[in-house]
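Scroll down for the structure; my scribbles are underneath it.
All of these numbers come straight from a predicted model, not from anything done at the bench. Numbers restart at 1 for each chain; the letters A, B, ... are given by sequence-line order, proteins then strands.
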Amino acid sequence: MSPSSRIVQLIKTQPLGQAVEIRGWVRTRRDSKGFSFLEINDGSCVANLQVIAEESLPRYEEEILRLTTGCAVRISGQLAASPARGQAVELKASEVEVYGWADPEKYPLQKKRHSFEFLREITHLRPRTNSLGAVARLRSALSFAVHRFFQEQGFLHLHTPIITTSDCEGAGEMFTVTTLDLNNLPRKDGRPDFNQDFFGRQANLTVSGQLEAEIYCLALGNVYTFGPTFRAENSNTSRHLAEFWMIEPEMAFCDLAQDMQVAEAFIKYLVQYALDNCSDEIELFTNFVDKGLKGRLAAVLAQDFARITYSEAIDRLKTCGKTFNFSVAWGTDLQSEHERYLCEEVFKRPLIVSDYPKSIKPFYMRVNDDNTTVAAMDILVPGIGEIIGGSQREERYDRLVSRIKEQGLNLPDYEWYLDLRRYGTAPHAGFGLGFERLIQFVSGMANIREVIPFPRTPGSASL
RNA sequence: UCCUGGGUAGCUCAGUCGGUAGAGCAGGUGACUGUUAAUCACCCUGUCGGGGGUUCGAAUCCCUCCCCGGGAGCCA
């Protein structure tokens with residue numbers, strides 16, 4: 001391990017008068033009479049460390065005065081209180097070593113703000129910016145917090161398959177995984193012959209770990225998955241990715257009410273964790289990305305999520321006197337504009353909508369006693385919309401069979417799933433949280449492509 | 001995929017009535033300065049997204065394709 005300090009620690013502990021060493025990248029250089037100011041960022045925090053480089057240093061003219069944005073350096077010296085405003089401490093350099101130059105005529109990152117659209121074109125360089133670096137730290141922190149929340153509550157972390165042959169998930173279009181020669185595709189009855197493929201059958205990238213999670217839930221109790229998820233939908237929006245990360249808890253002996261409780265506690269825990277551990281990042285986002293961010297996050301913690309059933313939502317939308325582009329009718333899905341109105345204008349906080357008509361929801365959701373709705377819930381947050389979708393699962397064998405048939409699905413495909421109901425079935429429930437949407441919510445970033453390091457979207461997969 | 005707005009200097013954008021392109025920032029040079037979006041002066045920079053068409057003449061008008069933003073659908 002190098003003897004260098006990370007800047008986050010130096011700023012926090014302020015070891016004045018001590019010899020320290022840092023390694024990082026030059027953000028900017030400003031020259032004064034007899035010395036230069038260097039701003040160094042090492043990725044450990046939002047803040048740069050200001051370095052004073054006197055002209056008496058070796059190679060001052062040849063190297064230090066040539067330092068520009070992007071150069072990688074090692075600097076040792078003494079940490080001192082800063083006499084000027086803007087920073088508490090600064091580093092009086094005694095040695096400056098340049099690891100790598102960055103030709104200012106060609107280096108794309110300038111000492112100014114860039115549009116996120118432009119930064120997307122330089123995926124390999126954008127984490128060197130303040131905001132994308134901050135997103136990376138927030139993402140890492142929240143990822144840890146996800147595990148901490150569930151581990152603290154005794155959940156078991158489960159790795160569900162990324163390559164799956166269960167073609168019965170119905171959550172969206174799937175990517176096929178194959179080693180077949182696409183230039184000379186073996187066919188049978190005109191269709192690709194997957195019997196000759198690597199797995200001897202068609203395999204796809206997972207669209208959800210839920211069904212597999214149910215298997216372990218009904219053996220070990222509460223479990224959660226946290227892994228990549230793939231949807232081959234031609235979705236072109238600021239909140240859809242073809243490859244994204246999803247967290248899916250599945251809880252045994254759990255009903256919809258408890259499911260909602262856990263989901264609400266989970267989101268609040270993550271928001272609180274971000275406020276406690278990424279305050280500088282959230283400050284940055286509030287100042288430069290979304291002025292309302294901090295207030296909104298505080299409001300999330302301050303009150304209970306609003307709760308409303310689908311039927312109540314329809315009533316409210318019908319009687320609110322507002323005209324929508326899409327008409328409101330019981331039995332049809334809520335449109336984006338309906339959800340936004342309820343969440344952002346009526347309740348002005350996260351909103352849980354529950355008990356949707358069974359006709360618009362998948363087969364595995366538990367049918368309510370009214371026989372027309374299912375025990376499903378969506379959590380909507382202001383600015384983003386749906387961030388969680390969940391339900392109590394149908395644990396009754398007969399009901400599940402008729403739901404599978406009702407939806408025109410192929411019963412034999414579900415034998416293993418039905419076994420879970422044949423033998424020792426139990427009430428259980430779960431939900432899926434879109435990790436990137438959560439990061440959008442906590443960072444205020446408008447486009448989901450900024451909150452994942454390497455976004456995959458239709459027509460775009462850089463690196 | 002649909003609707004809509006865009007694509008002009010490294011970046012962000014302006015460009016009138018169709019007459020062959022401009023600003024700020026960045027970059028270079030110099031001055032000045034415990035500076036911090038430093039300041040001041042000077043200098044450099046163009047496949048006007050690609051292709052086709054109309055015209056004496058197209059960044060500008062028409063057709064077409066590509067790419068990007070915003071909205072919608074699908075969902076997390």
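- For A:Arg66 and B:G27, the shortest distance from a side-chain N or O to OP1 or OP2 is not below 4.0 Å.
- Comparing B:G15 with B:U20, their C1' atoms are spaced 13 Å from each other, to the whole Å.
- Rounded to whole Å, the separation between the C1' atoms of B:C2 and B:U47 comes to 33 Å.
- Aromatic ring centres of A:His338 and A:Phe326 lie farther apart than the 6.0 Å criterion allows.
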Between A:Arg393 and A:Glu395, does the salt bridge (Lys or Arg N to Asp or Glu O under 4.0 Å) criterion hold? Intermediate values first, please. CA-CA 6 Å; A:Arg393 320 306 187 189; A:Glu395 86 282 13; over 6 Å; no

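- In this structure, B:U39 forms a base pair with B:A31, meeting either the Watson-Crick or the G-U wobble geometry with both donor-acceptor distances under 3.5 Å.
- Of all nucleotides present, only B:C68 satisfies the Watson-Crick or G-U wobble test against B:G5, with each distance under 3.5 Å.
- Of the listed nucleotides (B:C75, B:U33, B:G10), B:U33 has the atom at the smallest distance from the side chain of A:Ser32.
- On a pure distance criterion of 3.5 Å, no polar donor-acceptor pair joins the side chain of A:Glu117 and the base of B:G69.
- The side chain of A:Lys92 approaches B:G34 more closely than any other nucleotide in the set B:U1, B:C11, B:G34.
- In this structure, A:Phe35 forms no aromatic stack with the base of B:G34, since the conditions of centre separation below 5.5 Å and plane angle below 30° are not both met.
- Set against B:C74, B:G70, B:G28, the side chain of A:Pro104 has B:G28 as its closest nucleotide.
- The phosphate of B:U12 has OP1 or OP2 within less than 4.0 Å of a side-chain N or O from A:Ser115.
- Listed pair A:Lys111 / B:C11 fails the phosphate criterion, with no side-chain N or O lying under 4.0 Å from OP1 or OP2.
- In terms of phosphate contacts, A:Asn447 brings a side-chain nitrogen or oxygen within less than 4.0 Å of OP1 or OP2 of B:G70.
- A:Gln335 has a side-chain polar atom (N or O) that falls below the 4.0 Å cut-off from OP1 or OP2 of B:G73.
- In terms of phosphate contacts, A:Thr237 brings no side-chain nitrogen or oxygen within less than 4.0 Å of OP1 or OP2 of B:G70.
- For B:U35, the OP1/OP2 oxygens have no side-chain nitrogen or oxygen of A:Arg29 closer than 4.0 Å.
- Here A:Arg30 reaches the OP1 or OP2 of B:A38: one of its side-chain N or O atoms lies under 4.0 Å away.
- Side-chain atoms of A:Trp245 and A:Thr229 form no donor-acceptor pair, as typed in the model, at a separation below 3.5 Å.
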